[in-house]
2 protein chains.
Amino acid sequence: MQHIGIKEVATKAKVSVGTVDRVIHNRGRVSESTREKVLRVCEDLNYHPNVLAQRLAADKPVVFVTITPGFSSDNTYWKIPLEGIQKAAREMTGYKVKVENLFFNLADPVSFRKAALDAILLEPDGILLAPVFKREAREFIRKCKERKILFVFLDTIIENIEPLSSFYQDPFESGYLAGRLLSFHLRRKSEILVVNFTLDIENNIHLGNRDKGLRQFFSDNNFRGKIEELNINPADELLLTKKLEDILHHKTRGIFVTSSAHKVAKSLEKTGKSGLMVVGYDLTPDNVRYLKKGVIDVLLCQKPAAQGYGGMMALFNHFVRKIPVRKEQIMPVDIIVKENYRDYRDF
Amino acid sequence: MQHIGIKEVATKAKVSVGTVDRVIHNRGRVSESTREKVLRVCEDLNYHPNVLAQRLAADKPVVFVTITPGFSSDNTYWKIPLEGIQKAAREMTGYKVKVENLFFNLADPVSFRKAALDAILLEPDGILLAPVFKREAREFIRKCKERKILFVFLDTIIENIEPLSSFYQDPFESGYLAGRLLSFHLRRKSEILVVNFTLDIENNIHLGNRDKGLRQFFSDNNFRGKIEELNINPADELLLTKKLEDILHHKTRGIFVTSSAHKVAKSLEKTGKSGLMVVGYDLTPDNVRYLKKGVIDVLLCQKPAAQGYGGMMALFNHFVRKIPVRKEQIMPVDIIVKENYRDYRDF
DNA sequence: AAAAGATGCGTGTACGTACACGCAATATAC
DNA sequence: GTATATTGCGTGTACGTACACGCATCTTTT
């Protein structure tokens with residue numbers, strides 16, 4: 001006997017499978033006495049429903065909806081999480097699961113509201129959500145709660161709201177970590193430069209917290225040197241080179257870019273760099289090029305595909321496999337240098 | 001119609017489900033003409049068998065065997081991969097999969113041969129194997145091939161043998177990476193110390209290659225300083241402290257321990273350390289303690305639980321879910337410092 | 001006290017696949 | 001020519017669960 005099922009429970013409790021089924025699903029028409037008897041036998045035999053058979057016999061599919069920022073040629077970041085989402089979706093074929101991907105525009109809160117409405121019309125069981133616009137997301141989650149729709153947060157979280165699970169990275173922690181890494185290279189009176197590309201709408205909060213994390217590290221470790229700051233529009237490449245030339249001098253030993261560092265790297269390459277440790281974010285092709293050249297020293301990453309995959313799997317595990325799901329999955333800050341970037345390509 | 005199944009194929013091909021089944025499984029008793037017709041319809045309808053129903057209807061379970069080193073109170077390393085293996089096994093409940101864990105003694109090749117024989121007696125479909133003893137493993141794999149048993153390598157690989165998949169880390173690469181990390185902290189004429197705990201039988205090859213990797217880095221980056229080496233029995237704690245005191249001097253800026261670094265850290269703590277960057281391996285409680293204290297600066301890790309989990313899942317994906325499996329999964333060298341170790345605890 | 005309703009329970013069919021069995025039709029044997 | 005194999009195919013049951021239906025029994029209504 002491979003697996004004890006309803007049948008075995010029914011036999012031992014001296015009732016029919018139908019009765020056991022009614023007990024398990026709480027759909028009435030069972031006397032209290034037999035109800036208790038059946039439940040006791042379930043305990044005794046350690047009965048667990050067979051998920052395969054459940055999904056096979058189910059008449060309605062489980063429906064999941066994802067709501068993430070769309071991507072374009074100039075902002076490809078959200079392509080990667082989607083790939084993880086789709087990988088997970090492929091693994092759900094045969095389980096009677098329907099996955100619908102909705103997108104919104106990072107520059108337009110209204111597009112988010114629209115996607116949110118569409119999502120609810122699909123009457124999903126669970127939603128995977130990148131709550132970029134806090135206010136709109138709060139509103140949406142209120143509606144979900146009314147309708148008993150569960151949700152998982154992706155990339156960011158919202159304070160005081162408890163989702164089924166959330167997959168994200170703590171930007172403050174990653175900035176703090178960047179401080180640690182830079183500190184290996186600093187001397188007594190070295191200076192550091194922090195570069196913020198301020199027009200990066202999506203990541204505004206992220207960028208700020210990364211910056212704060214770095215500063216906290218140096219304040220915690222009584223660093224004596226100076227931390228310069230440069231806030232700039234990423235489109236102004238010429239300006240960037242000029243400003244960097246102005247601001248860098250012989251005491252500067254480290255640069256921390258709170259987002260993608262390839263533009264800084266490009267400028268540095270012109271200027272000529274020596275004894276400068278450059279730390280930035282994200283394993284994009286542009287960044288990798290400068291990592292390989294040795295202009296960028298460290299990239300901090302968060303496995304965006306794994307986040308998308310994990311978020312979908314959290315829904316799957318909860319609704320289909322019915323196993324407990326971690327409330328929170330803080331993605332490790334992966335430290336990537338020239339020598340190990342290859343290993344992370346597939347994440 | 002949720003999923004096109006055998007029935008739809010049968011209808012369209014104007015045969016019975018039994019015939020379709022016989023065609024799909026190549027168990028004869030079908031005329032060539034109907035055979036071709038059925039296969040064409042399968043193509044046309046893009047038929048893919050429903051894995052859930054397959055497993056539900058299967059009479060014999062799929063059998064997997066794992067063969068890994070055992071663990072004891074003094075060598076707990078292999079406990080972690082096993083946890084990953086067991087997590088994967090739990091996820092297979094309901095799929096009619098039988099998993100048997102066999103162990104051998106790292107100090108005794110004969111115990112490996114015994115486990116290997118036991119494994120074959122279980123007539124498994126697939127085997128997850130830590131091929132620590134190369135010669136014995138080769139012999140065993142020969143037998144597996146005769147019996148058409150597939151295998152997945154865990155932790156190490158064997159040259160010129162192609163398993164279904166392998167999950168491991170490249171020790172040379174990790175040593176090379178250690179060189180990069182240390183280099184951030186070195187000055188022109190700094191010295192480095194490499195510490196090898198030579199009696200670590202299990203990892204002998206690993207340790208050697210880590211050492212080689214480090215040296216290769218410094219040779220590739222024309223490092224001018226000196227690399228000292230200390231080979232020592234990990235049991236000789238007193239001797240370790242003494243030797244360290246002898247060998248360390250003001251020019252020493254880095255220590256690379258090719259395995260667990262906590263014993264070195266303990267000695268350093270007595271001696272008093274300053275301006276010394278310590279890099280070691282593995283996220284064990286002992287190591288973490290010194291990482292938190294700041295005596296160890298970096299731990300290089302390889303997510304051993306994820307390796308065990310991934311290895312089992314490779315078997316599962318191949319035999320049960322019947323989806324393609326990556327031939328090789330080189331685990332990233334995770335760089336762990338005081339600030340991000342928390343995030344890796346669950347891997 | 002008979003009719004109507006509610007309660008407690010069993011039966012049957014479906015989900016998509018595997019596999020044993022059985023029955024024709026054809027092929028081979030004697 | 002009949003008897004026996006062989007080939008080609010369909011049917012039936014099982015896997016474990018979900019859910020509709022139906023039939024007794026018991027309770028309430030008038």
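Residue numbering restarts at 1 for every chain, and letters A, B, ... go by the order of the sequence lines. We use all heavy atoms of the structure for the numbers below, so side chains are in, but hydrogens, waters and symmetry mates are not. Keep in mind that this is a model prediction, so the values were computed, not measured.
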Distance in Å, [X] [atom1] paired with [Y] [atom2], rounded so as to fall on 0.5 Å steps:
X: A/Lys143; Y: A/Ile149; atom1: NZ; atom2: CD1; result: 10.5 Å
X: B/Met331; Y: B/Asp155; atom1: CE; atom2: CG; result: 11.0 Å
X: A/Leu102; Y: A/Thr68; atom1: CG; atom2: OG1; result: 8.5 Å

I'd like to check the side-chain hydrogen bond (donor to acceptor under 3.5 Å, both in side chains) partners of [X]; sequence neighbours left out, ordered by chain and number.
X: A/Asn101; result: A/Thr66
X: A/Thr34; result: A/Ser31
X: B/Arg35; result: B/Asn26

Output the single nucleotide from [options] whose closest atom is nearest the side chain of [X].
X: B/Ala57; options: C/dG16, C/dC19, C/dC9; result: C/dG16
X: B/Ser31; options: D/dT17, C/dA18, D/dC9; result: D/dC9
X: A/His3; options: C/dT17, D/dC19, D/dT17; result: D/dT17
X: A/Leu56; options: D/dC9, C/dT17, C/dG16; result: C/dG16
X: A/Ala53; options: C/dC9, C/dA18, D/dG16; result: D/dG16

Is [X] near enough to [N] that one of its side-chain N or O atoms lies under 4.0 angstrom from OP1 or OP2?
X: B/Thr34; N: D/dC9; result: yes
X: A/Gln54; N: D/dG16; result: no
X: B/Lys60; N: C/dC19; result: no
X: A/His25; N: D/dA18; result: yes
X: A/Lys7; N: D/dC15; result: yes

In whole angstroms, how far is the [atom2] atom of [N] from the [atom1] atom of [X]?
X: A/Ile6; N: C/dG10; atom1: CD1; atom2: P; value: 13 Å
X: A/Glu8; N: D/dT17; atom1: CD; atom2: C1'; value: 12 Å
X: A/Glu32; N: C/dT7; atom1: CD; atom2: C1'; value: 14 Å
X: B/Lys322; N: C/dT17; atom1: NZ; atom2: C1'; value: 10 Å
X: A/Leu52; N: D/dC15; atom1: CG; atom2: P; value: 15 Å
X: B/Arg55; N: C/dT17; atom1: CZ; atom2: P; value: 14 Å
X: B/Asn26; N: C/dA18; atom1: CG; atom2: P; value: 12 Å
X: B/Arg27; N: D/dT6; atom1: CZ; atom2: C1'; value: 19 Å

Mind checking whether A/Phe104 and A/Phe112 have parallel, tilted or perpendicular rings, split at 30° and 60°? perpendicular
Nearest heavy atom decides the nucleotide; on that basis, is B/Arg29 or B/Pro49 closer to the 5' end of DNA chain C? B/Pro49
So if I take residues 312-320 of chain A and measure heavy-atom distances to DNA chain C, which residues fall below 4.0 Å? none
What parts of residues 13-23 of chain A reach DNA chain C, counting only heavy atoms under 4.0 Å away? A/Val15, A/Ser16, A/Gly18, A/Thr19, A/Arg22
Should B/Ile67 and B/Leu128 count as side-chain neighbours, where that means a heavy-atom distance under 4.5 Å? no
Pairwise side-chain contact, B/Phe71 with B/Leu82, heavy-atom cut-off 4.5 Å (strictly under): yes
B/Arg113 with B/Glu139: basic N within carboxylate O range, under 4.0 Å: no
One thing to verify: whether A/Glu123 and A/Arg147 come together as a salt bridge, which I'm taking to mean a side-chain N less than 4.0 angstrom from a carboxylate O. no
Applying side chain to side chain contact (heavy atoms under 4.5 Å, CB included) between B/Tyr168 and each of B/Gln329, B/Gln302, B/Glu328, report the one that passes. B/Glu328
Rounded to 10 degrees, the angle between the two terminal axes of the helix from C/dA1-D/dT30 to C/dC30-D/dG1, each from five pairs: 50°
Side-chain donor/acceptor of A/His318 to backbone N/O of A/Ala314, under 3.5 Å: no
